[in-house]
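Naming convention: chains lettered A, B, ... in sequence-line order (proteins, then strands); numbering from 1 in each chain. Just the heavy atoms: all of them, side chains too, but no hydrogens, waters or symmetry mates, feed the values below.
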Protein chains: 4
Amino acid sequence: MVSGSNKMAEIMAAAIQLFKDKGYHATSMQDIADAVGLQKGSLYHYISSKEDLLILIIREALAQYISNLEEIARSNLPPRDKFAEAVRHHLKGIATNLGMLTVFLREAHALTPEQRAIVDRETRRYNELVEGIYQEGVAQGVFRPLNPKLVCRTVLGACNWFYRWYRPDGPLSLEEMADFFVDVLFRGIEARPAASETAPPGSGGQSAAGGSDTSAGA
Amino acid sequence: MVSGSNKMAEIMAAAIQLFKDKGYHATSMQDIADAVGLQKGSLYHYISSKEDLLILIIREALAQYISNLEEIARSNLPPRDKFAEAVRHHLKGIATNLGMLTVFLREAHALTPEQRAIVDRETRRYNELVEGIYQEGVAQGVFRPLNPKLVCRTVLGACNWFYRWYRPDGPLSLEEMADFFVDVLFRGIEARPAASETAPPGSGGQSAAGGSDTSAGA
Amino acid sequence: MVSGSNKMAEIMAAAIQLFKDKGYHATSMQDIADAVGLQKGSLYHYISSKEDLLILIIREALAQYISNLEEIARSNLPPRDKFAEAVRHHLKGIATNLGMLTVFLREAHALTPEQRAIVDRETRRYNELVEGIYQEGVAQGVFRPLNPKLVCRTVLGACNWFYRWYRPDGPLSLEEMADFFVDVLFRGIEARPAASETAPPGSGGQSAAGGSDTSAGA
Amino acid sequence: MVSGSNKMAEIMAAAIQLFKDKGYHATSMQDIADAVGLQKGSLYHYISSKEDLLILIIREALAQYISNLEEIARSNLPPRDKFAEAVRHHLKGIATNLGMLTVFLREAHALTPEQRAIVDRETRRYNELVEGIYQEGVAQGVFRPLNPKLVCRTVLGACNWFYRWYRPDGPLSLEEMADFFVDVLFRGIEARPAASETAPPGSGGQSAAGGSDTSAGA
DNA sequence: TATGAATGAGAGTTCATTCAT
DNA sequence: AATGAATGAACTCTCATTCAT
């Protein structure tokens with residue numbers, strides 16, 4: 001099992017692409033081997049099992065996510081900016097690592113209970129960071145006092161779903177969409193109504209994506 | 001292939017449960033046969049394939065969803081109430097058919113392209129109904145003029161994610177959670193800031209769910 | 001998994017033959033499937049794993065062996081006859097189930113520790129029965145007072161090795177060989193020297209077997 | 001391929017240990033490589049194949065055995081002493097090279113037919129030496145005139161089985177056990193009944209070994 | 001309806017061996 | 001002498017599906 005090599009990175013990339021496109025179970029080791037130009041047996045120089053590959057992908061997705069959010073949480077920004085940054089970071093993370101995040105968000109349930117437990121723990125940590133930011137805002141009177149878990153789940157739910165419909169070639173830029181999310185989710189939880197009644201972001205565009213994906217919406 | 005029989009319902013119920021708990025690919029026909037007390041060969045008197053079972057489940061989930069939403073959309077309620085009803089109906093639908101909806105939201109990508117296309121079409125229809133309600137509200141000056149697709153995706157994203165963390169035995173009632181969603185999502189899109197500053201729903205509770213699920217959040 | 005069927009017996013027989021001839025590890029499921037005219041996957045209707053097959057064979061070998069010896073031990077025969085019967089039964093068992101016994105004596109170490117433990121227990125039981133017979137004889141003054149474990153291991157060692165060189169088409173009959181074993185092993189442990197100096201059994205023949213097997217002897 | 005080097009000896013030792021503990025087939029080249037701190041590819045500088053290793057081990061086991069026995073056979077000892085020496089040498093050889101002998105006695109059937117034929121020839125030679133000693137004794141009236149092959153197989157069978165139950169840390173010394181074997185096997189074949197009725201060797205001890213091995217006995 | 005034997009393709013994985021470096 | 005990437009064949013086992021009974 002090698003970890004830093006080039007081939008390893010190739011294998012990871014191929015697996016991410018395939019898992020995203022076909023799903024974890026529907027992807028065979030043969031598929032991955034073909035994608036990187038190896039015999040399927042040769043893959044086992046780099047990984048120890050197919051699940052290992054999934055774990056690697058998910059762990060990396062999580063690690064990137066969390067470390068960035070921790071930085072935001074630790075920063076000196078006022079809560080509203082922290083919150084806005086958290087949402088932007090979340091969406092940007094999905095957009096720039098769409099494959100990895102799709103695999104994480106959709107295939108984590110394929111892990112064995114032991115691995116799931118680890119992932120769950122990390123996920124909970126992420127949620128807690130978001131809740132912390134929210135509660136900071138509540139303490140400072142910036143956010144309405146609501147059930148923090150519920151706030152967190154609502155906001156992150158909307159953000160997570162992003163992976164199901166975001167397409168890099170859609171009509172709206174990532175920036176526009178992030179602005180939109182921040183604006184809308186913000187109003188839902190801020191303590192005082194937004195004073196500014198200027199045109200909100202994203203108000204003019206029509207469609208954020210082609211709309212051809214299975215699951216967006218229902 | 002029989003369709004109205006009792007056994008057929010049993011098979012569907014077993015499949016829903018198993019697909020939800022283990023995932024579609026990780027569930028074998030043997031698992032389903034065991035659950036209903038049949039030999040696996042005998043299942044083929046009722047269904048024509050494993051995918052058929054998945055299709056059946058997803059179609060039923062969709063059908064229930066859409067017909068209810070159509071009713072709401074057609075009603076004479078004012079837009080804000082229509083919108084609120086749509087959100088409530090969506091959450092309630094997930095809560096009362098958690099298995100079916102989980103299978104739909106999580107496993108639809110396992111369908112063949114042909115079947116996916118059908119499901120996509122229905123899903124789009126659902127989205128359009130929600131968008132319609134929103135745009136009605138915009139026309140009446142109730143909702144801010146935003147990108148309707150984006151509004152719809154944000155709202156439905158938050159609602160869809162519900163299936164990942166809702167647990168029937170959580171501390172908050174379904175009603176409380178639905179009120180919360182309506183309140184928060186509403187503020188995000190309504191034209192004028194909420195005048196009432198009374199305590200919002202769900203403000204006191206602590207946790208909406210055990211929080212032990214893999215994916216909620218990150 | 002079916003157990004009483006015809007095919008099951010065929011599979012067992014084929015496995016015994018192949019395990020005996022090629023060894024357990026060198027025999028593939030494909031080999032067995034070919035021998036019984038099935039697809040290799042079809043074997044799993046009858047067994048749950050390759051090891052399962054080995055266990056089945058070994059357990060049956062053991063069961064036959066032990067039940068017969070128990071009968072001998074329980075009988076009213078005088079110790080010398082019991083002992084003689086035990087030796088005869090042991091050799092006859094090997095000769096008439098050469099495949100099964102070869103697999104048992106040669107391949108038991110391929111079992112998982114759990115299964116080995118079970119087999120060990122049964123084997124110990126067998127040894128104890130033989131020791132019991134010997135000690136009965138000692139008590140009655142028929143056998144010399146020796147270390148019973150050592151007696152048992154010596155006698156059974158000589159008998160077990162039989163599977164390595166016995167060939168059904170050898171020049172000596174099974175009876176002759178059994179008489180020989182009884183005579184020689186007996187003299188080793190009986191209390192008084194054999195009075196009879198008549199020609200002992202097997203004294204005339206030349207070779208008991210072709211002698212072409214790898215391991216006999218060294 | 002090097003043969004006299006240090007690493008070569010290390011490899012042989014590791015292979016003997018592993019083949020004895022896990023069996024030939026269940027031992028991988030990786031296992032051996034790990035044991036000697038090499039990469040598995042590097043093993044091929046010393047050996048030409050896995051079977052080669054097995055051959056080397058078995059040949060060496062045989063060579064030691066035979067040369068010692070030839071010396072005994074050529075000596076001027078009277079037949080009874082030669083016979084006793086042969087038995088002692090056999091048991092001592094197993095005890096002091098338990099790994100090597102276990103591999104030889106248990107795994108020889110894994111060899112290709114060509115290699116087996118060679119081993120068989122050597123083995124036959126060993127048997128013939130023992131038979132020769134016995135027949136010398138018969139000629140001198142020391143041993144009863146029995147079928148020599150049968151005598152040899154019985155005696156060597158008992159001795160060979162030693163590898164299945166001998167444990168260096170057992171309660172009896174190797175000497176005691178060898179004395180026991182010589183005494184008991186001797187009586188089986190000597191021409192006149194043992195005159196001495198003194199307490200035989202090994203008569204007092206209880207257990208020759210832990211008795212926890214799979215196969216001893218049955 | 002229901003069975004259960006059988007299929008046949010393919011899954012993930014292991015492994016002895018090779019060879020350029 | 002040693003590496004370690006790569007092979008390619010074989011392995012055990014799974015599974016959706018078929019079909020004669």
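- The separation between C/Asp34 atom CG and F/dA10 atom C1' is 14 Å, rounded to whole Å.
- Take B/Glu10 and apply the side-chain contact (heavy atoms from CB on, under 4.5 Å) test, not counting sequence neighbours, and it matches B/Lys7, B/Val36.
- Nearer the 5' end of DNA chain F, as judged by each residue's closest nucleotide, is the contact made by D/Gly37, out of D/Gly37 and C/Asp31.
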- Would A/Met29 and A/Ile47 satisfy side chain to side chain contact (heavy atoms under 4.5 Å, CB included), going step by step from the backbone distance to the final call? CA-CA 11 Å; A/Met29 294 306 277; A/Ile47 55 162; 3.5 Å; yes
- With B for base contact, S for sugar-phosphate-only contact and - for none (protein heavy atoms under 4.0 Å), nucleotides 14-21 of chain F reads B-BBB---
- Per-residue pairing states of DNA chain E in dot-bracket (Watson-Crick or G-U under 3.5 Å; . unpaired, | other strand) read .||||||||||||||||||||
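- The CD atom of A/Glu10 sits 13 Å away from the P atom of F/dA5 (whole-angstrom rounding).
- Rounded to a whole Å, the CG atom of C/Leu43 is 10 Å from the P atom of E/dA6.
- Residue-level contact check: D/Leu38 touches the backbone only, with heavy atoms under 4.0 Å from sugar-phosphate atoms and none from bases.
- Look at CG on D/Asp52: it is 14 Å from P on E/dA16, rounded to the nearest Å.
- Side-chain N or O atoms of B/Tyr163 include none that pairs as donor or acceptor with a backbone N or O of B/Phe104 at under 3.5 Å.
- Side-chain contact between B/Gln115 and B/Thr112: present, with at least one pair of heavy atoms (C-beta onward) separated by less than 4.5 Å.
- In this structure, the CD1 atom of B/Ile47 is 14 Å from the P atom of E/dA2, given to the nearest Å.
- Between D/Lys20 and the options D/Ile57, D/Leu98, D/Thr27, a side chain to side chain contact (heavy atoms under 4.5 Å, CB included) holds for only D/Leu98.
- For the pair B/Lys50 and B/Tyr44, the NZ or CZ position fails the cation-pi test of under 6.0 Å to the six-membered ring centre and within 45 degrees of the ring normal.
- As rounded to whole Å, 14 Å separates atom C1' of E/dC15 from atom CD of A/Gln39.
- Rounded to whole angstrom, the span from the CE atom of A/Met8 across to the C1' atom of F/dG4 amounts to 16 Å.
- In plain terms, the two heavy atoms of C/Gly99 and C/Ile16 that are nearest each other are C-CG2, 3.4 Å.
- For the pair A/Lys22 and B/His109, the tightest heavy-atom approach, listed with the atom from each and the gap, is O-ND1, 4.5 Å.
- Counting heavy atoms from C-beta on, the side chains of B/Asp31 and B/Phe19 never come closer than 4.5 Å.
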